[in-house]
Amino acid sequence: MHIRKLLEQRFQQAFQQAGAPADANPQLAPAGRPEFGDYQANGAMAVAKSLRQPPRALAQKVVDALDLSDIASKVEIAGPGFINITLHDTWLGKRLDGALSEAHLGVEPAAQPQTMVVDYSSPNLAKEMHVGHLRSTIIGDAVVRVLEFLGHRVIRQNHVGDWGTQFGMLIAYIEHVSSGGAAQLSLALEDLEGFYRNAKQKFDAEPAFADTARAYVVKLQAGDAHCLRLWQQFIDTSMSHCERVYERLGVTLRRGDVKAESAYNTDLPWVIADLGKQKLLRESEGAQCVFLDEFTGKDGAPLPVIVQKSDGGYLYATTDLAALRHRGSELRADRVLYFVDARQSLHLKQVFAVARLAGYVPSTCSLEHLAFGTMMGEDGKPFKTRAGGTVKLMELLDEAEQRAYVVVSGKNPELSEGELRAIARSVGVAAVKYADLAKNRINDYIFSWDQMLALDGNTAPYLLYACARINSIFRKGELSDTHFTGHIRLEHPAERKLGLALLRLGEVVEAVAADCNPNLLCSYLYDLAGLFMQFYEACPVLKAEDATRSSRLLLCRHTAAVLQRGLDLLGIETIAQM
RNA sequence: GCGCCCGUAGCUCAGUUGGAUAGAGCGUUGGCCUCCGGAGCCAAAGGUCGGACGUUCGAAUCGUCUCGGGCGCGCCA
């Protein structure tokens, strides 16, 4: 159990003995200032109010009832009724010894593991992956890793777009190119983006081709074998491209996590029929709609959720409903998380509302849209290439590696070319991912090479450097595992601060799991790296003697482990040197 | 017109869900090398938290209004 939870339990008991209701929240938090100790309980003021008692008097009763003698060296009341707790140095040392001996670094699995369905990445397979897919992919993957680390059952759902109207056009174009032979086709498919562009061009220029394309959409949806075969060929090529991107990004999505739009194809008529049976449908201008009172449009009239077009075709709302039913009723999710652009928030609200109304998800199932803002260039406008096109992820990563190479080789020219290349590969990807993860999801995000590759501040290079620096201590000391013995003793203030921070990993990871905000973990790791630098500055490690030396070595080792684990949870790999 | 999101140091961003004197990095200024990686550490300066009113012991955080910016709003996804 992490420290805050432990204190919470002790305080809850004490609050009850002091006359507070059973559900009173002691409001435990890390201390806001060093002079307030290590943790503070802020709940006395609120509870005193509901009990109509003077807050300081209640705080005193709580402290009287509280028994922290085994873990705290000081408990005092301050200000209007804050209760400040200072923990025993020796107790902290023992906690650290214990945490260090575990693979999970003292983080306990969730008491009640849940089933989490996580919808992220979900690119459209008609084109190459581009920057628009980056945030969902990176943030979603980090949250997935955190949830799994806490022992939850995570079901990834890569809801790729493989079934829109563009696919008729692409199939027709495949057929056109194949007339030049199989080799011609595989060559053409190597450049997916170019393939799409050429198909579109032909579509716009040649009415006959456009007619064929439109006819193929219908044939495809009717299950025509020829069209399906061509379609499958295209999908396979495009999926392989996505997998190369995932591989390079270090994203955990695999082929088995794909649950494409087309997978719900046969459910769509059922959804319409079922909504009809439940009297939720109303026809409007020829389309089948669900009207919800809580959503109104331009003239104040209820806004429809169109689930079937007047021509009988289905829309993405229909597919999303089918997906929600699958996730809620078949996968039995406790939480369904959508890492989707903020611009889709109305759409998702509507779909969630319809799904609940129709009973497609249990009422206990939490549906969450984890929205994120748009990626902007440094000019504050949507991030584009110089020519104004969308930035492909592969090209973005190429540039990241090149720029990382320049930075790393400039700072550490004695490394070999091979080492530099390998380091640049890691640093480049890490910089791109970390810059995204470190920011609050909901704001638009300004993409800046200089900032993400900076060696100072809350960046991947700074954290990777901190890891490398710790490693170099071990290298320099020529230490093997047998050297890491003894116990951690927190004597110097810098050691104490570092040790206390190391014990907070569990609190932070739980907060990330609750809010799906990986930036909390980034801030924590950055703070931790800063505390380590301060410790390292103030406390000689290799030059220290006996028990102090082994204690400090253990602190270094634990810091390295927490940094490495934390970065791993963010989907970022660490490197031995840089 | 209606709805959602955002306004925090010159710039880029935090702020643990209502807690004590609002924090980092960059940039600016000034310190620290008998140093285990100085890619570091310490310190200074920089703020009416867009504005107003309200809720209460207490507001960057909650409510109402207002100004500014972004996005969305019937058969694309």
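Reminder, nothing fancy here: chain letters follow the sequence lines and each chain counts from 1.
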Interatomic distance, [X] [atom1] vs [N] [atom2] [rounded to whole Å]:
X: A:Asn458; N: B:C26; atom1: CG; atom2: P; answer: 12 Å
X: A:Phe295; N: B:C4; atom1: CZ; atom2: P; answer: 11 Å
X: A:Lys349; N: B:C71; atom1: NZ; atom2: P; answer: 18 Å
X: A:Glu283; N: B:C75; atom1: CD; atom2: P; answer: 16 Å
X: A:Asn84; N: B:U21; atom1: CG; atom2: P; answer: 13 Å

Sticking with atom [atom1], work out how far [N] lies from [M], rounded to a whole angstrom.
N: B:U16; M: B:C53; atom1: P; result: 25 Å
N: B:C62; M: B:G19; atom1: C1'; result: 14 Å
N: B:G74; M: B:A60; atom1: C1'; result: 40 Å
N: B:U8; M: B:G69; atom1: P; result: 14 Å
N: B:G1; M: B:A9; atom1: C1'; result: 38 Å

For the pair A:Trp231 and A:Trp163, name the ring-plane relationship: parallel under 30°, tilted 30 to 60°, perpendicular over 60°.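 Geometry flag for A:Trp163 against A:Trp231: perpendicular rings.
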May I ask whether A:Tyr526 stacks on the base of B:A24, given the cut-offs of 5.5 Å between ring centres and 30° between planes?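 A:Tyr526 vs B:A24: stacking no.
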Any base atoms under 4.0 Å from [X], or only sugar-phosphate, or nothing? Heavy atoms, all strands.
X: A:Arg475; result: base
X: A:Tyr462; result: sugar-phosphate
X: A:Ala78; result: base
X: A:Met45; result: base
X: A:Glu261; result: sugar-phosphate
X: A:Ala468; result: base
X: A:Cys556; result: nothing
X: A:Gln288; result: nothing

Can you check whether any acceptor in the base of B:A39 is under 3.5 Å from a donor in the side chain of A:Tyr465, or vice versa? no
Can you say whether a donor on the side chain of A:Glu537 sits under 3.5 Å from an acceptor on the base of B:G40, or the other way round? yes
Where the side chain of [X] is concerned, which of [options] is the nearest nucleotide?
X: A:Leu303; options: B:C35, B:C75, B:C73; result: B:C73
X: A:Gln344; options: B:C36, B:A77, B:C76; result: B:A77
X: A:Phe82; options: B:C73, B:A20, B:G37; result: B:A20
X: A:Glu285; options: B:A39, B:C75, B:U17; result: B:C75
X: A:Asn42; options: B:C73, B:G23, B:G19; result: B:G19

Donor-acceptor pair, side chain of A:Arg552 and main chain of A:Pro540, under 3.5 angstrom: yes
A:His2 side chain to A:Leu505 backbone, donor-acceptor under 3.5 Å: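 Absent.
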Does some side-chain heavy atom of A:Leu553 sit less than 4.5 Å from a side-chain heavy atom of A:Val541? yes
A:Asp320 side chain to A:His347 side chain, donor-acceptor N/O pair below 3.5 angstrom: yes
B/S/- along nucleotides 8-16 of chain B (protein heavy atoms under 4.0 Å) is ----SSSSB
Would B:U17 be called syn or anti here, given the cut-off of 90° from 0?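 Syn.
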Could you tell me whether B:G46 is syn or anti, where syn means a glycosidic angle within 90 degrees of zero?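 Because its glycosidic torsion lies more than 90° from 0, B:G46 adopts the anti conformation.
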What's the verdict on ring-ring contact (aromatic ring centres under 6.0 Å, His included) for A:Tyr39 and A:Phe11, showing C-alpha distance, side-chain angles and the deciding distance? CA-CA 12 Å; A:Tyr39 281 83; A:Phe11 269 88; over 10 Å; no
Hey, is CZ on A:Arg282 packed in by over 12 heavy atoms from elsewhere, all under 6.0 Å?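 No, CZ of A:Arg282 has 12 or fewer neighbouring heavy atoms, counting only those of other groups under 6.0 Å.
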More than 12 heavy atoms of other residues, nucleotides or ligands under 6.0 Å from CD of A:Glu294: is that the case? yes
Contacts of type ring pair (Phe, Tyr, Trp, His ring centres under 6.0 Å), residue A:Tyr405, not counting sequence neighbours: none
